[in-house]
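Reading through the structure tokens given below for one structure.
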Amino acid sequence: EDLISISKVAERLRNHGLKVNNNCGLHIHVEVNDFTTHRMGYLLARWMAVEHWLFNSVPFRRGTSVYCRALRHIRPLNEKVGVKYTADDLWEHFKPEYKTYGSQDYRRVALNLCNFYLEKDKQRKRRCTVELRLPEGTLRGVDVKNWVRFFVHLVETSAHDVKLSALHSPKLDDFFNAAGLG
């Protein structure tokens, strides 16, 4: 019901002449209170597998924005053939680091883990969410609805994962499987 309401609000704003510009992004938060850092490693594995495809599905300007950089680019993995990562390895590798108070470096990524990190690792009382920052700003209800559905499904699939996803999706079928849509 909430998703339908949010989509309708976006459409109404659009119908009343409101617009977004190229600097706007659609940010989607999904609550992950029930995730552990180990479980977050499963989401990170799926994210690594779909990230390349997602960046290629949005306009180039979104993919090069300093506000939604790829995790793979800010913290590259050793991705040589035969290198294996556990869920815990992935969490340790990608967990946010705050170099200075108020640092925004780890918030400005396509998959923002900061709220989860502050709640679980630092035990600060925050909304325990992960945030997708990649989609372009939009007031088209169908776009809002489909991005939310996709991201919620990716997170929920990771919550019920029983094995670690491959970190690459060379074929479209691999992407669909990693995203839980296969």
Side-chain angles (χ1 to χ4, degrees), residues 23-80 83-137 144 147-161 163-169 175 178-180:
N23 296 324
C24 296
L26 175 64
H27 296 196
I28 303 163
H29 287 260
V30 175
E31 188 173 305
V32 287
N33 263 336
D34 55 340
F35 272 48
T36 61
T37 55
H38 180 79
R39 180 58 53 199
M40 187 56 65
Y42 285 91
L43 175 58
L44 285 163
R46 286 186 180 277
W47 179 260
M48 288 294 104
V50 302
E51 185 178 62
H52 171 77
W53 290 93
L54 293 178
F55 270 82
N56 283 307
S57 72
V58 297
F60 183 75
R61 67 180 168 273
R62 283 303 297 161
T64 57
S65 170
V66 297
Y67 299 104
C68 63
R69 296 166 299 159
L71 278 179
R72 195 173 240 120
H73 293 153
I74 66 157
R75 183 80 60 86
L77 281 168
N78 178 358
E79 299 186 59
K80 292 180 181 173
V83 175
K84 301 278 186 201
Y85 291 96
T86 67
D88 294 324
D89 292 337
L90 291 171
W91 171 249
E92 285 302 315
H93 185 80
F94 287 111
K95 75 179 180 183
E97 291 177 359
Y98 290 90
K99 296 176 180 114
T100 61
Y101 180 77
S103 171
Q104 297 296 310
D105 291 351
Y106 286 92
R107 291 193 180 282
R108 294 179 175 164
V109 291
L111 178 63
N112 177 355
L113 306 169
C114 289
N115 286 343
F116 174 82
Y117 170 74
L118 291 172
E119 174 70 19
K120 297 296 181 177
D121 268 18
K122 296 297 181 193
Q123 298 179 345
R124 295 183 188 159
K125 295 299 174 199
R126 303 275 246 198
R127 289 191 57 218
C128 192
T129 64
V130 289
E131 176 189 19
L132 176 66
R133 298 173 58 97
L134 183 61
E136 186 167 43
V144 171
W147 274 110
V148 170
R149 282 181 174 159
F150 171 80
F151 190 52
V152 167
H153 185 75
L154 182 71
V155 172
E156 286 180 352
T157 300
S158 300
H160 304 292
D161 225 342
K163 65 181 180 73
L164 209 56
S165 178
L167 301 182
H168 290 285
S169 302
F175 163 78

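Values in this document were obtained by computation on a predicted structure and should not be read as measured data. For this chain, numbers begin at 1 and follow the sequence in order.
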(message) Check whether Arg39 reaches the backbone of His160 with its side chain - one donor and one acceptor, N or O, closer than 3.5 Å.
(response) no
(message) When you measure from the side chain of His52 to the backbone of Ser169, do you find a donor-acceptor pair of N or O atoms at a distance under 3.5 Å?
(response) no
(message) As an exercise, state the distance from CH2 of Trp147 to CG of Leu54, rounded to the nearest 0.5 Å.
(response) 5.5 Å
(message) So which atom in Leu167 and which in Arg72 form the shortest heavy-atom distance, rounded to 0.1 Å?
(response) O-NH2, 2.9 Å
(request) Mind checking the CG-NZ spacing from Asp89 to Lys84? Nearest 0.5 Å is all I need. (result) 12.5 Å
(request) Tell me, with the steps shown, if Asp161 and Ser158 meet side-chain hydrogen bond (donor to acceptor under 3.5 Å, both in side chains). (result) CA-CA 5 Å; Asp161 225 342; Ser158 300; 5.0 Å; no
(request) Determine the minimum heavy-atom distance between Ala110 and Trp47, stating which atoms define it. (result) CB-CZ2, 3.8 Å
(request) Might you work through the side chain to side chain contact (heavy atoms under 4.5 Å, CB included) test for Phe94 and Ile74, ending with a clear yes or no? (result) CA-CA 9 Å; Phe94 287 111; Ile74 66 157; over 6 Å; no
(message) Is the shortest side-chain heavy-atom distance between Phe116 and Leu43 below 4.5 Å?
(response) no
(request) Kindly say whether Arg108 contributes a backbone atom to a donor-acceptor pair with the side chain of Arg69 at under 3.5 angstrom? (result) yes
(message) Contact between Val30 and Leu132 at the side-chain level, heavy atoms closer than 4.5 Å - yes or no?
(response) no
(request) Mark yes or no for whether Ser65, through its side chain, and Arg62, through its backbone, hold a donor-acceptor pair below 3.5 Å. (result) no
(request) Working to the nearest 0.5 Å, report the span between CD of Glu119 and CG of Asn115. (result) 9.0 Å
(message) Whether Glu136 and Arg61 form a salt bridge (side-chain N of Lys/Arg under 4.0 Å from carboxylate O of Asp/Glu) is what I want to check.
(response) yes
(message) Taking atom NE2 as the centre, does His73 end up with more than 12 heavy-atom neighbours from other residues, nucleotides or ligands that are less than 6.0 angstrom away?
(response) no
(request) Could you label the plane-to-plane angle of the Trp53 and Phe175 rings as parallel, tilted or perpendicular, counting under 30° as parallel and over 60° as perpendicular? (result) tilted
(request) Please name the pair of heavy atoms, one in Leu71 and one in Met48, separated by the smallest distance, quoted to 0.1 Å. (result) CB-CE, 3.6 Å
(message) Is it the case that the side chain of Lys95 and the backbone of Cys114 share a donor-acceptor pair, with hydrogens and angles ignored and the cut-off at 3.5 Å?
(response) no
(request) Kindly give the heavy-atom pair with the smallest separation between Leu154 and Val50, and that separation in Å. (result) CD2-CG2, 4.5 Å
(request) Write down the atom of Met40, the atom of Leu113, and the distance for their closest heavy-atom approach. (result) SD-CD2, 3.9 Å
(request) Measure from the side-chain N and O atoms of Arg133 to the backbone N and O of Tyr67, and report whether any donor-acceptor pair falls under 3.5 Å. (result) yes
(message) Could you go through Leu26 and Val148, starting from their C-alpha distance and side-chain angles, then the distance that decides it, and tell me whether this counts as side chain to side chain contact (heavy atoms under 4.5 Å, CB included)?
(response) CA-CA 10 Å; Leu26 175 64; Val148 170; 5.6 Å; no
(message) Using 0.5 Å steps for rounding, measure from the OG1 atom of Thr37 to the CG atom of Leu44.
(response) 10.5 Å
(request) Report yes or no: does Lys120 contribute a side-chain atom to a donor-acceptor pair with the main-chain N or O of Phe35 at less than 3.5 Å? (result) yes
(request) Grab the two heavy atoms, one from Leu164 and one from Ala87, that are nearest each other, plus how far apart they are. (result) CD2-N, 3.8 Å
(request) Could you tell me whether a side-chain N or O of His27 sits under 3.5 Å from a main-chain N or O of Glu131, the two making a donor and an acceptor? (result) no
(request) Calculate, to the nearest 0.5 Å, the distance between atoms CZ and CD1 belonging to Arg149 and Ile28 respectively. (result) 12.0 Å
(request) Check whether any side-chain heavy atom of Arg75 lies under 4.5 Å from a side-chain heavy atom of Val109, and answer yes or no. (result) no
(message) For Asn78 and Tyr85: C-alpha separation, side-chain torsions, deciding distance, then whether side chain to side chain contact (heavy atoms under 4.5 Å, CB included) applies.
(response) CA-CA 10 Å; Asn78 178 358; Tyr85 291 96; 3.4 Å; yes
(request) For residues Phe151 and Leu111, determine if any side-chain heavy atom of one lies less than 4.5 Å from a side-chain heavy atom of the other. (result) yes
